[in-house]
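Contents: one structure, followed by commentary.
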Amino acid sequence: MIETGRAREDSPGPGVPSSLGGARDGRASRRGAPPTAAADGVEGAADMASTSRAAEREDVSPGGLQKDAASPGPAAEAAATVSPKDAASPLRAVVVSPRPVKGRAGREAARRRLQLQRVRGEGSGEAAAEDGERHVAEVAAEEARPLPPGCANPLRAMWREQRVALFCDGVLRGCKAEDADDAMSKYLAEQLKLKDRWLGVWKANPELFFERYEDSSIPFVGILVEVTCKPHQNSSCFKVTVSVAEPFSSNITNIPRDLVDEVLEEMEHSVPLLEVYPIEGQVGDAQAIALALEAVRFFYDFLWRDWDDEESCENYTALIEERINLWCDIQDGTIPGPIAERFNRTLEKYKSKRVELIEYQNNIKEDPCAAEAVECWKKYYEIVMLCGLLKMWEDLRLRVHGPFFPRILRRRKGKRDFGKTITHIVAKVMTTEMVKDLSSDTLLQQHDDLDMALDSCYSGDTVMIFPGEYQAANLASLTDDIIIKGVGKKEEIMIISEPSRDSFVVSKAENVKLIQLSLIQQGTVDGIVVVESGHLTLENCILKCEGTGVCVLTGAALTITDSEITGAQGAGVELYPGSVAILERNEIHHCNTLRTCDSSKSTLGGVNMRVLPAPRLKMSNNHIYNNSGYGVSILQPSEQVLIVAEDELNKAAASGDRKDDNMLSNVMHNLNLEMNNNKIEANVKGDIRIVTS
């Protein structure tokens, strides 16, 4: 097992039933039982995030990889020449309370305390200022040099296929979940043999050095060290021997050298390997070691789950590939940023709740009382729920609009008892001029806001909206057949989403119509319009997206005419397998706006079709332009891919969907795709493309 650098508890504490126990290679297992053995979670939760708490306080990517992390430079000589401007981490002097140094060096170190002024709340005025100036003069000659830059994260440049090849084909090689620890350890050990000694930055927990400090001011204490790669004998944990490299370098300029030496002596100069980051410019295989370390960190931060070795899994590498796909979907914008943040919060909450449970169990010194047992079970079932949610995210078949968007189901009202329909007027004040075109027997009801009108609707009702700005949470649960119609210029009838909500417009009714409206998405992460079931018609509308575009789920149908869709982070219109859509006389432009770390992998643009079973799409007289991906992308599984030359597809689309191109015609026929007189141009990746998943 690979040491994570976190404190662990090896002895099981008291709990409810004891059937949960049974540690394997230092990690406790909870096979088929509730939370009772105290040791069962600390180690498992620690393994979930392999870097130390200090390193975790840095800004990290969704996969747990460090972003522009501070790391040391090539060799000691090179480190001496690096200026603060070149350092990967800013050099700073901090005002904290350092841990007191023991022994003979204590009195001397006390004179060189880190605080250049008294701890906050102590001292003031001219005396404190003079004292601070004396401290500055004292430590100036002994300041640590800035850290040299670290090796660039080699995983960051890898594409999806390269990551899958590294982990599934290179490291795990078809092993089972219970053998993953051994496979990762073997891979790391092989890479460490390439170079016995190298320079790196030890990113240590500030609690080792400071009694009082602010988390935001010191995310970690970085020390330039020389690493000797000889893992300790008779130990399943990877620890390496380190010594302070010359010249003394740190991300904290006024840290006492004596304090660093003493901390290392107490640790017997042995630190967790994953807390050390190789620096640039070294001769030999330091880059290979850096890649191995990042790969192991990424595996335990994002790919490993503590339940993996507790459940039967016929093909563990396939599961790892799904998690890599999830991570890449987050990175390339297929899953928008706000949704990715929700997944990361769920994953971190799972980890913290697991540690919280184990710490609670460890504090039970004797047989638990009834209240303690109940609390254990409460915490356990909360973890089980989070575990199930994470599994849904990882399963592509369950991920689509499942755990992303938890909703309370709303029942369909149907027709009114007396069989009449009502026209709802949404305006601050209603005048006779507003309703002069309505028949004399029309039943009217006036509302100050759109939400009240929607809440009062039954099937067959019409909602007439007059110019103004509106918000309506009830748009996210349209279950009855109604017409929502703007009266006046569509640019002046603005319906704006509520940022605190996941969804904007969600249709589940057999027939809903939105006419002459401007939908402006702000803050919501779901599609600007999602058709979950039934049929939705958008006519003469403006859709200004911020999250994903219009999504038509399996079995649902959509008709869009004379409308404009712009600004979506993914495709402007996303068709899921088995859906139906008709697009006529629309403008779809400037979609796929999300900047990604790997722009070459982003294919979504104007319209995206996911096949098997294939959606049915009819497009005529649309203008699809200036999208960052393709104008029209057709996503289908690799085993069903049709080998179609990209240049022929682009040529066909650019020439007005030529009917004499047999290859393109066959593709369209097989995909139930009918295209007539569309203008597809100026899209960054191309006009039309069949993409394999």
Side-chain angles (χ1 to χ4, degrees), residues 1-11 25-27 42-43 46-47 49-56 66 69-72 76 79 98-99 101-103 105 144 147 150-151 181-182 184-210 220-246 248-252 255-279 282 285-286 289-290 292-294 296-297 300:
M1 180 175 76
I2 298 178
E3 176 61 52
T4 65
R6 292 180 175 176
R8 295 166 179 253
E9 296 289 345
D10 293 326
S11 59
D25 292 337
R27 181 191 294 108
V42 171
E43 298 187 273
D47 281 342
S50 57
T51 52
S52 67
R53 292 189 187 276
E56 281 181 336
Q66 302 291 343
S71 303
R99 199 194 75 173
V101 180
K102 303 174 183 177
L147 292 172
C151 290
D181 273 345
D182 293 338
M184 296 304 296
S185 297
K186 181 179 178 181
Y187 164 69
L188 189 53
E190 289 174 352
Q191 300 304 311
L192 292 177
K193 293 177 182 177
L194 299 175
K195 192 174 180 67
D196 292 337
R197 293 175 180 270
W198 43 274
L199 293 176
V201 170
W202 173 40
K203 293 184 179 179
N205 193 327
E207 294 175 1
L208 292 173
F209 299 90
F210 308 131
F220 65 92
V221 174
I223 305 294
L224 180 64
V225 294
E226 183 177 10
V227 179
T228 302
C229 291
K230 292 183 179 179
H232 285 192
Q233 300 297 320
N234 302 321
S235 173
S236 62
C237 299
F238 270 90
K239 288 193 174 184
V240 288
T241 302
V242 300
S243 58
V244 177
E246 299 297 341
F248 178 53
S249 304
S250 175
N251 62 331
I252 299 175
I255 188 170
R257 170 69 177 269
D258 293 337
L259 180 58
V260 175
D261 288 337
E262 181 177 279
V263 169
L264 284 176
E265 286 178 10
E266 290 177 358
M267 301 178 69
E268 298 180 347
H269 288 269
S270 177
V271 302
L273 175 60
L274 296 183
E275 291 183 4
V276 185
Y277 295 75
I279 64 172
Q282 301 182 72
D285 299 294
I289 294 176
L293 291 174
E294 289 297 346
V296 173
R297 293 186 188 106
Y300 285 106

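- With hydrogens and angles disregarded, a donor-acceptor distance shorter than 3.5 Å links the side chain of N251 to the backbone of F220.
- Among residues two or more places apart in sequence or in another chain, the side chain to side chain contact (heavy atoms under 4.5 Å, CB included) test is passed with E226 by R197, L199, S243.
- Using a cut-off of 4.0 Å between Lys/Arg side-chain N and Asp/Glu carboxylate O, E294 and R297 are scored as salt-bridged.
- The closest side-chain heavy-atom distance from V240 to S270 is not below 4.5 Å.
- The two residues M267 and V271 come nearest to each other via the heavy atoms CE-CG1, 4.0 Å.
- Between L208 and V221, every side-chain heavy-atom pair lies at or beyond the 4.5 Å cut-off.
- We find the CG-CD distance between L293 and Q191 to be 9.5 Å, quoted to the nearest 0.5 Å.
- Within the 4.5 Å cutoff, no side-chain heavy atoms of K186 are placed close to those of D182.
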Inset, instruction - Determine, step by step, whether L192 and Y187 satisfy the side-chain contact (heavy atoms from CB on, under 4.5 Å) criterion, reporting the C-alpha distance in whole Å, the side-chain angles of both residues, the deciding distance to 0.1 Å, and the verdict. - result: CA-CA 9 Å; L192 292 177; Y187 164 69; over 6 Å; no
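- By the 4.5 Å heavy-atom criterion applied to side chains, I289 and V227 are not counted as neighbours.
- With hydrogens and angles ignored, the 3.5 Å screen pairs a side-chain donor or acceptor of S250 with a backbone N or O of G222.
- Looking only at side-chain heavy atoms (C-beta outward), W198 and V225 stay at 4.5 Å or farther from each other.
- Between R257 and D261 a salt bridge is recorded (basic side-chain N to carboxylate O distance below 4.0 Å).
- The closest side-chain heavy-atom distance from V244 to L264 is below 4.5 Å.
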Legend entry - Test side chain to side chain donor-acceptor pair (under 3.5 Å) applied to E275 and W202, step by step: CA-CA 6 Å; E275 291 183 4; W202 173 40; 2.9 Å; yes
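- Side chains of F209 and E262 form no contact here, defined as non-hydrogen atoms less than 4.5 Å apart.
- By the 4.5 Å heavy-atom criterion applied to side chains, L273 and V296 are not counted as neighbours.
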